[in-house]
Novice: 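One structure follows; several queries about it will come next.
Numbers here are sequence positions counted from 1. Note that ligands are numbered from 1 as they come in the structure, with each ligand's atoms numbered from 1 the same way. Worth saying up front: this structure is predicted, and the values here are computed from it rather than measured.
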Amino acid sequence: MAFKPANNIQDLQYFGEFGGVNPSISDSSTYTFLSAKTMFDTFEGNADGCYLYSRHSSPSNLYLGEALAAMEGTETANVSASGMGAISPVLMQLCGAGEHIVSSRTIYGGTYAFLKNFIPRFKVSTSFVDITNLEAVEAAINKNTKVLYCESVSNPLLEVADIKGLAEIAKRHHLQLVVDNTFSPLSISPAQLGADIVIHSLTKFINGSSDTVGGVVCGTQEFINELRSVNDGASMLLGSTMDSLRAASVLKNLRTLHIRMQQHSHNANYLAEKFEHDGLKTVYPGLASHPSHQLFKSMMNEKYGYGGMLTIDVGSLDKANALMEMMQNENLGYLAVSLGFYKTLFSAPSSSTSSEISEEEQAEMGLSDGLIRFSIGLDADIERTYQVMRSCMEKLDIL
Ligand SMILES: *Cc1c(COP(=O)(O)O)cnc(C)c1O
């Protein structure tokens with residue numbers, strides 16, 4: 001039977017303490033115990049349903065975590081203050097001094113900077129590979145490798161990871177396959193395809209209103225308990241905990257994610273087809289010309305489409321900048337990083353979100369100066385949007 005992530009979210013029922021249709025928000029950092037013995041047991045991790053201190057867990061964070069675990073079909077989940085607040089603790093939990101990570105080379109700039117510049121301080125090394133080349137992935141594994149890391153749909157080049165193929169490699173070499181699914185919530189369900197741990201930046205599509213940062217780690221109860229351990233858990237000890245008030249607001253937004261993703265995908269697909277037809281160099285996983293179109297198709301929960309992200313290459317950074325400024329003036333969207341907003345957002349990754357990656361490495365991975373990354377919004381009339389975009393491109397001799 002097909003996996004139904006939105007049904008899984010919708011079937012969860014939480015009520016507030018007075019029968020409210022939303023769960024009550026836990027507005028406390030600490031919790032009382034009726035007996036000293038229960039407090040001791042809770043510290044030892046043996047008192048289910050008891051709360052200790054909100055850096056460890058809180059009712060509001062658990063509600064949101066359980067909804068996200070239901071979406072990904074994992075045993076449980078742990079929410080965090082940001083996407084990086086999920087990624088960094090997971091990698092530090094899984095790897096110690098002398099150990100090694102094999103990572104896709106086309107990943108979020110912050111994750112790349114963490115792997116390249118930060119975690120080597122702790123003697124953890126990383127090999128960056130072309131994730132679409134499974135032979136290259138396997139060849140990069142050595143006896144110290146612990147983690148295989150990728151994004152289901154990569155930032156910013158929209159490469160698609162063969163999660164089943166990667167999961168087989170990970171199993172064979174006893175690695176943990178960690179997948180950042182930020183670009184494709186609902187569309188792709190990595191844990192159903194064999195990923196061990198699924199991460200999201202909630203900042204993007206899942207929250208969808210560009211009013212907060214947030215993150216989540218979805219995985220087994222055993223791994224989430226390890227992350228939250230008071231003795232040696234990276235999430236507990238690095239302290240990137242989400243606030244309860246924010247967890248409650250993200251949960252409310254999560255309930256409309258299925259509707260939003262369908263509209264983001266519909267609009268992005270519409271524009272991608274038009275741009276490609278007009279002769280623009282367009283990258284969108286929904287286009288038959290995308291090298292991984294069939295692969296995405298074979299992995300997706302069809303209803304949610306190929307996602308809201310697309311790129312076009314307009315030839316030079318000057319042209320890209322001129323086009324983005326003109327589109328902003330025409331009220332087509334905002335010249336801004338991030339993604340998943342109701343309004344279209346655009347930026348030139350080579351000089352912004354991926355500027356952590358050196359020029360040579362950018363060239364090698366095919367990240368050119370004229371590339372514009374779009375997060376397509378929820379526009380009610382996408383044909384009108386297309387017409388105005390087209391006239392901007394004509395004015396600038398891009399079309
Ligand atoms: C934004 C983003 C992150 C980081 O998330 P924050 O919430 O900004 O910390 C990680 N991965 C991807 C793919 C992202 O787009």
Novice: Quick one: does N155 get within less than 4.0 Å of ligand 1, heavy atoms only?
Specialist: no
Novice: Which atoms from ligand 1 have a heavy atom of F183 less than 4.0 Å away?
Specialist: 13 (C), 15 (O)
Novice: Any cation-pi pair here, K204 with Y108, using under 6.0 Å and within 45°?
Specialist: yes
Novice: Below 4.0 Å from ligand 1: does a non-hydrogen atom of L202 turn up there or not?
Specialist: no
Novice: May I ask you to identify the nearest protein heavy atom to atom 6 (P) of ligand 1, giving residue, atom name and distance to one decimal place in Å?
Specialist: G83 N, 3.3 Å
Novice: With a 4.0 Å cut-off on heavy atoms, is G214 touching ligand 1?
Specialist: yes
Novice: Inspect the contact between E361 and K116 and indicate whether a charged nitrogen and a carboxylate oxygen are less than 4.0 angstrom apart.
Specialist: yes
Novice: Nearest 0.5 Å please: distance from the OG atom of S240 over to the CE atom of M84.
Specialist: 10.0 Å
Novice: Atom 15 (O) of ligand 1: which protein heavy atom is closest, and how many Å away?
Specialist: K204 NZ, 2.7 Å
Novice: What I want to know is whether T111 and ligand 1 share at least one N or O pair that is separated by under 3.5 angstrom.
Specialist: no
Novice: Pull out every atom of ligand 1 sitting under 4.0 Å from any heavy atom of I87, numbered as shown with elements.
Specialist: 10 (C)
Novice: Heavy atoms only: give me the nearest V216-S80 pair and the separation to one decimal.
Specialist: N-OG, 3.9 Å
Novice: Only heavy atoms of D180, strictly under 4.0 Å: list the atoms of ligand 1 that pass.
Specialist: 10 (C), 11 (N), 12 (C), 13 (C)
Novice: Using a strict cut-off of less than 4.0 Å between a Lys/Arg side-chain nitrogen and an Asp/Glu carboxylate oxygen, indicate whether D278 and K274 qualify as a salt bridge.
Specialist: no
Novice: So, S201 and T182: side-chain donor and acceptor under 3.5 Å apart, yes or no?
Specialist: no
Novice: Counting neighbours of CZ on R255 that are heavy atoms of other residues, nucleotides or ligands and sit closer than 6.0 Å, is the number greater than 12?
Specialist: yes
Novice: Rounded to the nearest 0.5 Å, what separation is found between the CZ atom of F223 and the CD atom of Q93?
Specialist: 5.5 Å
Novice: Between V213 and ligand 1, is there a nitrogen or oxygen pair with a distance under 3.5 Å?
Specialist: no
Novice: Short N/O distance, under 3.5 Å, between M84 and ligand 1?
Specialist: yes
Novice: Does the N or O separation between S201 and ligand 1 drop below 3.5 Å for any pair?
Specialist: yes
Novice: Looking only at heavy atoms, is any part of T203 under 4.0 Å from ligand 1, and if so is it the side chain, the backbone, or both, or is it neither?
Specialist: side chain
Novice: Which residue holds the protein heavy atom closest to atom 4 (C) of ligand 1, what is that atom called, and what is the gap in Å?
Specialist: Y108 CE2, 3.4 Å
Novice: Give a yes or no on whether a salt bridge exists between D369 and K319, defined as a side-chain N under 4.0 angstrom from a carboxylate O.
Specialist: no
